[in-house]
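Single-structure report; data block below.
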There are 2 protein chains.
Amino acid sequence: MVNHNRPLDLAFGAFSHPIRRGILSRLAAGEAAVADLARPYRVSAPAISRHLRILERAGLLSRRKQGREHRLRLEHRRMEEAQRWLDEQHALWNQRLDRLEKYLKENP
Amino acid sequence: MVNHNRPLDLAFGAFSHPIRRGILSRLAAGEAAVADLARPYRVSAPAISRHLRILERAGLLSRRKQGREHRLRLEHRRMEEAQRWLDEQHALWNQRLDRLEKYLKENP
DNA sequence: ATTATGGTTAACCATTAGGTTAAATGTAGA
DNA sequence: TCTACATTTAACCTAATGGTTAACCATAAT
């Protein structure tokens, strides 16, 4: 039951920081360059650069160099995998709660 | 745009390890004691104990001592908050893709 | 050819994660 | 009471996060 799922590890790890979540939200609205993504935060450029590296390693975004700027865009596939895991959990515990409720209804 | 959301940070951080996800899955099926949760994994008891602490600190499970064993159960509220964040992202990028599709349909 | 801009890499620091073994705690059973 | 069991805490190690400043690389603008 080792169930090694490195992509999911990386994706959830990436979600665990507010700046990275902010960047993903921003990218949901469409492509952007590093400077655009950095603007809202009061951290240094290298800090942003590393957040981007973490997101990229997790497969949550991809980059293409266009002139001197890097344009980032969301990769929703990986995002959806994470969502799927949470949905599954939700289904699991709901299923259990439903059974419980049914049992209580039948055994008053 | 700092948007500090510590609970979400902790929840996603907690999801980022396969053992912790396994534990949550197991708990979706109902309450369990520490030893039950540890059984599938080949790590020491202290290791499990710390995974549990991380899950607990993230508000994803609660514990009650019953005799000498600790019974853990899922706290789905926090789990649902995380799910909600992903759902929102999904909605955001879908909305954008829909607009794009519509645009392409109207400008052939 | 210089300079400015967009971004990353290097080197450093402090904190946390993830594991180990050994020792401590609290409860149950003989 | 002595022992066995369930679990945590302590002490230790290594690796990864998250931030900094300073230096670097590539492209654009003058």
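For the numbers below, each heavy atom of this structure counts, side chains included, while hydrogens, waters and symmetry mates do not. Quick note on labels: first sequence line is chain A, next is B, and so on, each numbered from 1. Source: prediction; values computed, not measured.
Distance check: B:S49 OG to B:H70 NE2 gives 8.5 Å after rounding to the nearest 0.5 Å. Atom CG in B:L92 sits 11.0 Å away from atom CG in B:D87 (nearest 0.5 Å). Here A:H76 contributes atom NE2 and B:Q89 contributes atom CD; the two are 12.0 Å apart, rounded to the nearest 0.5 Å. Rounded to the nearest 0.5 angstrom, A:S25 OG and B:W93 CH2 are separated by 10.5 Å.
Using modelled atom types, one side-chain atom of B:R20 and one backbone atom of B:G13 make a donor-acceptor pair closer than 3.5 Å.
Residues from residues 59-72 of chain A lying near DNA chain D, meaning a heavy-atom separation below 4.0 Å, are A:G67, A:R68 in numerical order. Within residues 22-30 of chain A, no residue is approached by DNA chain D to less than 4.0 Å at the level of any non-hydrogen atom. The stretch residues 42-51 of chain B touches DNA chain D through B:A45, B:P46, B:S49, B:R50, each having a heavy atom within less than 4.0 Å of the strand.
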**Message:** Apply side-chain contact (heavy atoms from CB on, under 4.5 Å) to residues A:L27 and A:R73 and explain how you reach the verdict.
**Reply:** CA-CA 6 Å; A:L27 287 178; A:R73 76 172 151 74; 5.7 Å; no
**Message:** I'd like to know whether B:R21 forms a side-chain contact (heavy atoms from CB on, under 4.5 Å) with A:L8, so could you lay out the CA-CA distance, the side-chain angles of the two residues, the decisive distance to 0.1 Å, and finally the verdict.
**Reply:** CA-CA 10 Å; B:R21 287 199 304 279; A:L8 224 40; 3.8 Å; yes
**Request:** Run the numbers on A:F15 and B:D9 for side-chain contact (heavy atoms from CB on, under 4.5 Å), then give the verdict.
**Result:** CA-CA 7 Å; A:F15 296 152; B:D9 295 1; over 6 Å; no
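Nearest heavy atoms, B:L72 versus B:A33: CD2-C, 4.2 Å.
The CG atom of A:L37 sits 14 Å away from the P atom of C:dG6 (whole-angstrom rounding). In this structure, A:R39 places its CZ atom 14 Å from P of C:dT5, rounding to the nearest Å.
Between A:H51 and A:H17, the ring planes are tilted. Angles from 30° to 60° get that label.
Contact between the side-chain N/O atoms of B:H17 and the OP1/OP2 oxygens of C:dG19 is found at a separation under 4.0 Å.
Scored by the salt bridge (Lys or Arg N to Asp or Glu O under 4.0 Å) test, B:E81 finds B:R78 as partners (sequence neighbours excluded).
Residue pairs that meet the salt bridge (charged side-chain N to carboxylate O under 4.0 Å, His left out) test with at least one member in residues 38-57 of chain A, sequence neighbours left out, are A:D36-A:R39, A:E56-A:R63.
At a threshold of 4.5 Å between side-chain heavy atoms, the hydrophobic network of Ile, Leu, Val, Met, Phe, Trp and Tyr places A:L61 and B:L86 in one connected group.
Nucleotides of DNA chain D with any atom under 4.0 Å from a heavy atom of chain B span, from 5' to 3', D:dA4 to D:dA11.
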